[in-house]
Protein chains: 2
Amino acid sequence: MGERSLLKIGEFAHVGQVSVVTLRHYEKEGLLKPLTLDPQTGYRYYALEQLPRLHRILALKDLGFPLDHIARLLEDDLPLEQLQGMLTLKQAQTQQMITAEQERLTRIAARLHQIEQEGKLPTYDMLLKQVDAVRVASYRATVLFHGGFEQSTARILAYLHEKQIEPIGPTIIQLHSRSEQREDGLYIDMETAIPISTHLAGTEQIAIRTLSGGSMVSTIYAGVNLLMGQAYAALYCWIKDNGYQIIGPPRLLRLQHGEHIDASHYVTELQFPVARQAPN
Amino acid sequence: MGERSLLKIGEFAHVGQVSVVTLRHYEKEGLLKPLTLDPQTGYRYYALEQLPRLHRILALKDLGFPLDHIARLLEDDLPLEQLQGMLTLKQAQTQQMITAEQERLTRIAARLHQIEQEGKLPTYDMLLKQVDAVRVASYRATVLFHGGFEQSTARILAYLHEKQIEPIGPTIIQLHSRSEQREDGLYIDMETAIPISTHLAGTEQIAIRTLSGGSMVSTIYAGVNLLMGQAYAALYCWIKDNGYQIIGPPRLLRLQHGEHIDASHYVTELQFPVARQAPN
DNA sequence: GCTTGACTCTCATGTAAGGAGAGTGTGTAA
DNA sequence: TTACACACTCTCCTTACATGAGAGTCAAGC
């Protein structure tokens, strides 16, 4: 020690506290070339004076930069503004990642919460998804909860058939109010909507309109679940736990229903339009 | 729609809002097999009833699980505790990652701060590293800052030479107090230490002891910088900005020094032992 | 001068989760 | 019939290395 000398890769790796493989990798990436290369043996020889550069590489890696960015940052003629720009950008990205991870943390906690509540494997899987706006033919009325939409659906389908238009997606039901009990059954204000591709005029009863898209919390279940109580409740909890707020009526997508299908094979998606709750 | 049917991979991908490639990938990973496979054509056919499973996969992926963990989580006979365990573990990991990212954010901010202060590319790169404890032969005295350690080093080396012991690392100088000006120069209480591998008895002057290891904030610079003012200051700022506290005397590692070496080729590492500041 | 063990070289492959793209051969629907 | 969807295989690409194979080199002891 104390003598000026060239180090073999292993020695340099040792003082730099990195692996030999890492040094070779950095050379390949053009980050740190050995001072000399023995043309006979191919041995790499490093000088201790290269240690500050290695140190800088590690420091930048520690800031989260990928190696190719570090290569740019190490260029001698890099203008100061660009350096600052890259750092500021990285700062923003890191902030964003933290936010994302925190949301994920909340989702995990919500899931654990759900398991505790139900005391078993959760039945419903919540997912936040983006939904496109879609043009529909819709019919809105306050009808019997059980079977009410069958009539509505039939009514719209008849109209579309008459106009020779085919549906382009599953029937969507918007539940505009919570159900209310009357003497002859459970009633609800629901809008039955069938997606179509073409524009046409509606009738007094059947409106041609566009269902808005946006962020939806969604869950899908198979089988019959007429009251959807559990799914509804689970979704409601999830939205609350994860700091969202409901900004519209829930939707029911009848992905696989019908008279000649056994009820146990029904597939339904339940969606709530949501937005991030303003953090007050 | 509304009819029970088998979907081709493209259709299923569409309703599930994933890519065809993804579905094939999931099949290969054993996460989601198509309901039937046409032996003639190899076409995959999915049932809508598989949508909840896909949904669950996506939800778990959203929680941050890798695909092989999801495969385990999807097993029917997974005991509840194991599910909870995996979620709790993931929760802890996510929390840890958030903490790490926040520290990174602080480091980036410190770096930007440093650039602003210096008004140019920062000269010193700070890195937090773990240092092992090391046995040394050391000599402590209040000596002239300039050249004082040369004598100390020579003294230790003479002793080691007499005992036929070779140093196993660069000379370490611990600065036990800040420098003080006297009439004939700048004095400092410094301990010069040379790493050795064997244990042996010391003398009145030369102690054989162990330098403790631990977390060190380190910077390396090449060239002569006798007062180390800038490096010292930069390191000091970094430690403060990043919420650490200094828990011991700074160390100077003379990685490449010596009489027959040009001062511009000196390589020195400056280390401060630190600990996380208790968040009060 | 020889052996031995530690070290070094190059090259290839693997990682997670697919994305992108090409090439080639069928299937399905209007 | 003509698009288009789908099949299969293959490769390369992403990050920052780790791991290993097979071969050559260095320094030290005998």
Side-chain angles (χ1 to χ4, degrees), chain A residues 5-46 54 57-74 90 93-94 97 104 164 166 168 197, chain B residues 5-46 54 57-74 90 93-94 97 100-101 104 166 168:
Chain A
S5 56
L6 291 178
L7 309 181
K8 285 197 283 191
I9 194 170
E11 300 164 326
F12 191 66
H14 184 72
V15 298
Q17 294 192 295
V18 293
S19 79
V20 170
V21 182
T22 302
L23 286 177
R24 283 202 274 253
H25 187 61
Y26 287 173
E27 179 188 359
K28 197 159 60 183
E29 299 294 319
L31 291 177
L32 183 66
K33 289 193 212 305
L35 192 66
T36 68
L37 189 67
D38 188 323
Q40 303 290 320
T41 67
Y43 271 35
R44 298 167 175 82
Y45 291 99
Y46 293 85
L54 174 60
I57 292 170
L58 295 179
L60 291 172
K61 196 160 76 68
D62 208 38
L63 295 185
F65 287 104
L67 295 189
D68 54 346
H69 283 203
I70 294 178
R72 292 224 302 278
L73 287 166
L74 285 177
K90 190 78 210 166
Q93 286 171 343
T94 307
M97 159 146 334
R104 168 171 298 169
Q164 303 214 324
E166 284 295 312
I168 58 164
S197 61
Chain B
S5 56
L6 292 177
L7 309 181
K8 287 195 286 189
I9 194 169
E11 300 165 326
F12 192 66
H14 184 71
V15 298
Q17 294 194 296
V18 293
S19 78
V20 170
V21 182
T22 302
L23 285 178
R24 283 202 271 253
H25 189 60
Y26 287 173
E27 181 188 357
K28 198 158 57 181
E29 300 292 320
L31 290 176
L32 183 66
K33 290 193 212 308
L35 192 67
T36 67
L37 189 67
D38 189 323
Q40 302 289 319
T41 67
Y43 271 35
R44 298 167 176 84
Y45 289 99
Y46 294 84
L54 175 59
I57 292 170
L58 296 178
L60 291 172
K61 198 157 76 67
D62 207 38
L63 295 185
F65 288 103
L67 294 191
D68 54 347
H69 283 204
I70 295 178
R72 291 224 301 280
L73 287 166
L74 284 177
K90 191 78 209 168
Q93 286 172 344
T94 307
M97 159 147 332
E101 289 294 321
R104 168 171 298 169
E166 285 294 314
I168 57 164

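In what follows, every heavy atom counts, from backbone to side chain, and hydrogens, waters and symmetry copies are set aside. A, B, ... follow the sequence lines: proteins, then strands. Residue 1 opens every chain. These figures come from a predicted structure and were not determined experimentally.
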With sugar-phosphate taken as primed atoms, P, OP1 and OP2 and all else as base, the protein-contact string of nucleotides 5-18 of chain D at under 4.0 Å (heavy atoms; B, S, -) is BBSS-------BBB
Round to a whole Å and report the spacing from [atom1] of [X] to [atom2] of [N].
| X | N | atom1 | atom2 | value |
| --- | --- | --- | --- | --- |
| A/Glu166 | C/dA30 | CD | P | 11 Å |
| B/Leu63 | C/dA17 | CG | P | 14 Å |
| B/Tyr45 | C/dG27 | OH | P | 10 Å |
| A/Asp38 | C/dC7 | CG | C1' | 14 Å |
| A/Leu7 | C/dT8 | CG | P | 11 Å |

Q | Partners passing side chain to side chain contact (heavy atoms under 4.5 Å, CB included) against B/His69 (at least two apart in sequence or in another chain) | A |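 By the side chain to side chain contact (heavy atoms under 4.5 Å, CB included) rule, B/His69 matches B/Phe65, B/Pro66, B/Arg72, B/Met86.
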| message | List the residues meeting side chain to side chain contact (heavy atoms under 4.5 Å, CB included) with A/Gln93, not counting sequence neighbours, and say none if there are none. | response |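 A/Gln93 satisfies side chain to side chain contact (heavy atoms under 4.5 Å, CB included) with A/Leu89, A/Lys90 only.
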Give every residue pair that meets the salt bridge (Lys or Arg N to Asp or Glu O under 4.0 Å) criterion with at least one member in residues 16-26 of chain A, sequence neighbours excluded.
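Residue pairs with at least one partner in residues 16-26 of chain A: there are none.
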Interatomic spacing from CD in A/Glu27 to CD in A/Glu29 - rounded to 0.5 Å: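 CD of A/Glu29 is found 11.0 Å from CD of A/Glu27.
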(message) The criterion is salt bridge (charged side-chain N to carboxylate O under 4.0 Å, His left out); which residues satisfy it with B/Glu11, sequence neighbours excluded?
(response)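 With sequence neighbours excluded, B/Glu11 shows a salt bridge (charged side-chain N to carboxylate O under 4.0 Å, His left out) to no residue whatsoever.
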N/O donor-acceptor pairs under 3.5 Å from side chains in residues 30-38 of chain A, not counting sequence neighbours:
{"unit_1": "A/Asp38", "atom_1": "OD1", "unit_2": "A/Gln40", "atom_2": "N", "d": "2.8"}
{"unit_1": "A/Asp38", "atom_1": "OD1", "unit_2": "A/Thr41", "atom_2": "N", "d": "3.4"}

